[in-house]
Engineer: 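Before I ask anything, let me first share the structure, which is written out below as structure tokens.
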Amino acid sequence: MLPIHLFRQNKELVLEGLKKKHFKQPELVDAIIDIDERRRQLQVENDTIAASVNAASKNIGQLMAKGEKEEAEKLKAEVAQYKEKAKELSQKLAELETEQHDLVIQLPNLPHSSVPEGKTPEENEVVRAGGTRPDLSAQKLPHWELTEKYKLIDFELGNKITGSGFPVYMGQGAKLQRALISYFLNYNIDAGYKEYMPPHMVNYDTAYGTGQLPDKEGQMYHVTEDKFYLIPTAEVPVTNIYRDTILAEADLPVKMTAYTPCFRREAGSYGKDVRGLNRLHQFDKVEVVQLAHPEKSYEVLETMVAHVEKLLQSLGLEYRILRLCAGDMSFTSALTYDFEVYSAAQERWLEVSSVSNFEMFQANRMKIRFKDGSGKTQLVHTLNGSSLALPRIVACLLENNQTPEGIKIPQVLQPYFGSDMIK
RNA sequence: GGUGAGGUGGGUGAGUGGCCGAAACCAACAGUUUGCUAAACUGUCGUACGUGUCAAAGCGUACCGCGGGUUCGAAUCCCGCCCUCACCGCCA
């Protein structure tokens, strides 16, 4: 949610940003500004009356103490009149506040100036690429055949136990998951991130804080009985750790990492996009989150990008980094880099990480603030990224490293996996 | 799930109708003293919105778990909800 002072101080900037993001209702901005003016006017009236009531009440108390009952009664009658007016005013004020909030919440975050124009994924900008494409034999197999051949993942069994999109990992397949999670977490911890194990279900306020609610309700699994939501990413519980918190400037940046399973309903997809590990309802992911000083958040973003890039390099996968165009970015993001790895058997790029700066968009919802040098309270900037999402990494590792003898395990994983080959 | 107790500022904790946005202590911060540290002493020390201003100070309103009610006036009384603790039951 954009802070209201932006609208008052810099309407043009807001309009420009919304236009770049192809937001369809720029007229909301004027509506918000208009409501804001009426709201403030009403608050002045409301506060004035409340002050009169308070003053009169104080007087009544003093008169009663002195035994001047008649005078007190007169004042009481006066207060009764004030109160009628006050009730009306505070009701209207509450209505306007709700109305304003309901409008502001519909506006997406504003894209950073470096975000390319554009509307579709084709207009994303390749920032850089690395790694090498393996030269596979003609008999190369896609990962869904490799997982069957080596008995690593049973998709059918998952169907029986839960439903499609809930695979069962087994044997070396299960161990590979655990190895990747441990490796990713340790890599993040070594870079100064503090490890967390958050709940996998969250309440409304938490899902609201990171922007999943109210508008993306259908994308999360909902436990209606207890009003909980299964997390679509660790970002949700982890960022909310600092909800309603005022940090010291010296505490920044706050660096957190967590492994969690992620649950996504993702209705409506089909075909090769969802084959095998390409898209699942439950998957594993290690996330990094930072709360940063507003003046440093873009430096922080670059360090996070470099961090994820180095991790991909260590796995020996061919990758490319995209700067998403304004139209393809998420509702909450100001700047997003997507990481894709090349799946050599499927011969296509798969997204494995998304690193974003949300600036103060989430922080404003969650009220994550810090006290700056002059003692003023400011919103922090929030950032997060995957490091990494497992399924597509697994898909690429299996496909790209397949040999007639078995599947080679990258060196960095061998200590965790306990072997250099899946046979 | 049952019964009982309770939810107050960063922490402990006082406050059962007006003098309370809230005592006291601790922590924190600034200063004095000091060879350094400590101790002692002095001061500062909640948040949001509004108003004011170049900026501020100041002023107003609201907030003592959340929501409603009683009253001229509510942290304090009443109702509902949430949460915590203790004991019992169940249990990985």
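Numbers restart at 1 for each chain; the letters A, B, ... are given by sequence-line order, proteins then strands.
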Engineer: Should the pair Lys119(A)-Asp328(A) be classified as a salt bridge under the 4.0 Å nitrogen-to-oxygen rule?
Structural biologist: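 No, this pair does not count.
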Engineer: Just the rounded figure in Å: distance from C1' of rC49(B) to CG of Asn364(A).
Structural biologist: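 Going from CG in Asn364(A) over to C1' in rC49(B) covers 14 Å.
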Engineer: Which residues satisfy the ring-ring contact (aromatic ring centres under 6.0 Å, His included) test with Tyr187(A), sequence neighbours excluded?
Structural biologist: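 Listed in chain order: His307(A).
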Engineer: Around atom NZ of Lys367(A), are there more than 12 heavy atoms of other residues, nucleotides or ligands at under 6.0 Å?
Structural biologist: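 Result for NZ/Lys367(A): enclosed.
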Engineer: Nucleotides 54-59 of chain B: which of its N/O atoms have a protein N/O under 3.5 Å away?
Structural biologist:
none

Engineer: Mind checking what makes ring-ring contact (aromatic ring centres under 6.0 Å, His included) contact with His293(A), not counting sequence neighbours?
Structural biologist: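 Per chain and number, His293(A) pairs via ring-ring contact (aromatic ring centres under 6.0 Å, His included) with Phe370(A).
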Engineer: What residues, two or more places apart in sequence or in another chain, satisfy salt bridge (charged side-chain N to carboxylate O under 4.0 Å, His left out) together with Asp34(A)?
Structural biologist: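 Salt bridge (charged side-chain N to carboxylate O under 4.0 Å, His left out) check on Asp34(A) returns Arg38(A).
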Engineer: With rounding to the closest Å, how many angstrom separate the P atoms on rU76(B) and rG6(B)?
Structural biologist: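 After rounding to an integer number of Å, I get 15 Å for this pair.
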Engineer: P atom, rU16(B) versus rG21(B): distance in rounded Å?
Structural biologist: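 It works out to 15 Å between them.
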Engineer: Under 4.0 Å between a Lys/Arg side-chain N and an Asp/Glu carboxylate O for Glu299(A) and Lys296(A)?
Structural biologist: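 A salt bridge is absent here (no side-chain N lies under 4.0 Å from a carboxylate O).
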Engineer: What does the B/S/- profile of nucleotides 71-83 of chain B look like, 5' to 3', with a 4.0 Å heavy-atom cutoff to protein?
Structural biologist: -BS----------
Engineer: Give none if rA56(B) has no partner; otherwise give the nucleotide forming a Watson-Crick or G-U wobble pair with it, both distances under 3.5 Å.
Structural biologist: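 Its partner: none found.
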Engineer: Pick the C1' atom in rC82(B) and in rC25(B), then give their distance to the nearest Å.
Structural biologist: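 Pairwise C1' distance, rC82(B) against rC25(B), rounds to 31 Å.
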Engineer: Rounding to an integer number of angstrom, what distance separates rG7(B) and rU44(B) when you compare their P atoms?
Structural biologist: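 Each nucleotide's P atom is 30 Å from the other's.
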Engineer: In this structure, how many angstroms lie between the P atom of rG9(B) and the CD1 atom of Ile246(A), rounded?
Structural biologist: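 That distance rounds to 14 Å.
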Engineer: When you measure from every atom of RNA chain B, which of residues 35-47 of chain A have a heavy atom less than 4.0 Å away?
Structural biologist: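 When residues 35-47 of chain A is checked for heavy atoms under 4.0 Å from RNA chain B, the hits, listed by number, are Arg39(A), Arg40(A), Gln43(A), Val44(A), Asp47(A).
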Engineer: Show me, pair by pair, the donor-acceptor contacts under 3.5 angstrom made by side chains of residues 157-175 of chain A, not counting sequence neighbours?
Structural biologist:
unit_1    : atom_1 : unit_2    : atom_2 : d
Asn159(A) : OD1    : Ser164(A) : N      : 3.2
Lys175(A) : NZ     : Phe417(A) : O      : 3.2

Engineer: Nearest-nucleotide wise, let me know which of Ala55(A) and Gly375(A) is further upstream toward the 5' end of RNA chain B.
Structural biologist: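 The 5'-side residue here is Gly375(A).
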Engineer: Expressed as a whole number of angstroms, how long is the span from Lys87(A):NZ to rG69(B):C1'?
Structural biologist: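 Spelled out: NZ on Lys87(A) to C1' on rG69(B) is 10 Å.
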Engineer: What pairs with His222(A) under ring-ring contact (aromatic ring centres under 6.0 Å, His included), at least two apart in sequence or on another chain?
Structural biologist: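 Partners of His222(A) under the ring-ring contact (aromatic ring centres under 6.0 Å, His included) test: Tyr229(A).
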Engineer: Watson-Crick or G-U wobble partner for rG35(B), using a 3.5 Å limit on both distances?
Structural biologist: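 rG35(B) is paired with nothing.
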Engineer: Taking the same atom, P, in rU84(B) and in rU71(B), what whole-Å distance lies between them?
Structural biologist: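 Rounded to whole Å, the distance is 35 Å.
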Engineer: Report the distance from atom CG of Asp244(A) to atom P of rA48(B), rounded to the nearest whole Å.
Structural biologist: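 Result: 11 Å.
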Engineer: Is a donor on one side and an acceptor on the other found under 3.5 Å between the side chain of Ser333(A) and the backbone of Ser330(A)?
Structural biologist: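 Flag not set: sc Ser333(A) to bb Ser330(A) has no pair under 3.5 Å.
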Engineer: Donor-acceptor pairs under 3.5 Å, side chain of residues 77-96 of chain A to any protein atom, not counting sequence neighbours: which ones?
Structural biologist:
unit_1   : atom_1 : unit_2   : atom_2 : d
Ser90(A) : OG     : Ala86(A) : O      : 3.1
Ser90(A) : OG     : Lys87(A) : O      : 3.2

Engineer: Round to a whole Å and report the spacing from CG of Leu63(A) to C1' of rC19(B).
Structural biologist: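 Value for this atom pair: 15 Å.
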Engineer: Pick the C1' atom in rU51(B) and in rA57(B), then give their distance to the nearest Å.
Structural biologist: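 My reading of the C1' atoms in rU51(B) and rA57(B) gives 13 Å.
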Engineer: Rounded to the Å, how far apart are Leu379(A) CG and rU47(B) P?
Structural biologist: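 Answer to the nearest Å: 14 Å.
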Engineer: State, without any angle test, whether Gln177(A) and Asp284(A) hold a side-chain donor-acceptor pair at a distance under 3.5 Å.
Structural biologist: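 Looking only at side-chain atoms, Asp284(A) and Gln177(A) do form a donor-acceptor pair, the distance falling under 3.5 Å.
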Engineer: Tell me which nucleotide, if any, is Watson-Crick or G-U wobble paired with rG67(B) when both distances must be under 3.5 Å.
Structural biologist: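 Across any shown strand, rG67(B) pairs with rC79(B).
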Engineer: Counting Watson-Crick and G-U wobble pairs only, both distances under 3.5 Å, name the nucleotide matched with rA22(B), or none.
Structural biologist: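 When the pairing criteria are applied, nothing turns out to pair with rA22(B), so the answer is none.
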Engineer: Cation-pi check for Phe283(A) against Arg264(A): NZ or CZ below 6.0 Å from the six-membered ring centre and within 45 degrees of the axis, yes or no?
Structural biologist: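 No, Arg264(A) does not lie over the aromatic ring of Phe283(A).
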Engineer: Taking only the P atom of each, what is the distance from rC36(B) to rG31(B) in whole angstrom?
Structural biologist: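 Between the two P atoms, the distance is 14 Å.
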Engineer: Report the nucleotide, chosen from rG50(B), rG60(B), rA48(B), that has the shortest atom-to-atom distance to any side-chain atom of Thr377(A).
Structural biologist: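 Closest of the options to the side chain of Thr377(A): rA48(B).
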Engineer: Under 3.5 Å, sequence neighbours excluded: what are the donor-acceptor pairs made by side chains of residues 191-202 of chain A?
Structural biologist:
unit_1    : atom_1 : unit_2    : atom_2 : d
Tyr193(A) : OH     : Gln290(A) : NE2    : 2.9

Engineer: Please measure how far the C1' atom in rG15(B) lies from the corresponding atom in rA23(B), and state the result in whole Å.
Structural biologist: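 That atom pair is separated by 8 Å.
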Engineer: Taking atom types as modelled and ignoring hydrogens, do the side chains of Gln362(A) and Glu235(A) form a donor-acceptor contact shorter than 3.5 angstrom?
Structural biologist: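 Glu235(A) and Gln362(A) do have a side-chain donor-acceptor pair below 3.5 Å.
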Engineer: Ring centres of His281(A) and Phe263(A) under 6.0 Å apart?
Structural biologist: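 Not under 6.0 Å, so no.
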Engineer: Using a cut-off of under 3.5 Å, enumerate the N/O to N/O pairs linking the protein to nucleotides 62-67 of chain B.
Structural biologist:
unit_1  : atom_1 : unit_2   : atom_2 : d
rA62(B) : OP2    : Asn54(A) : ND2    : 3.3

Engineer: Taking ring-ring contact (aromatic ring centres under 6.0 Å, His included) as the test, write out the residues that go with Tyr416(A), two or more places apart.
Structural biologist: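 Listed in chain order: Tyr183(A).
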Engineer: Would you kindly give the CD-to-P distance between Gln91(A) and rU61(B), to the nearest whole Å?
Structural biologist: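 Computing the Gln91(A):CD to rU61(B):P distance gives 21 Å.
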Engineer: Please report, rounded to the nearest Å, how far the C1' atom of rU61(B) is from the CG atom of Leu96(A).
Structural biologist: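 Checked: the CG to C1' distance equals 17 Å.
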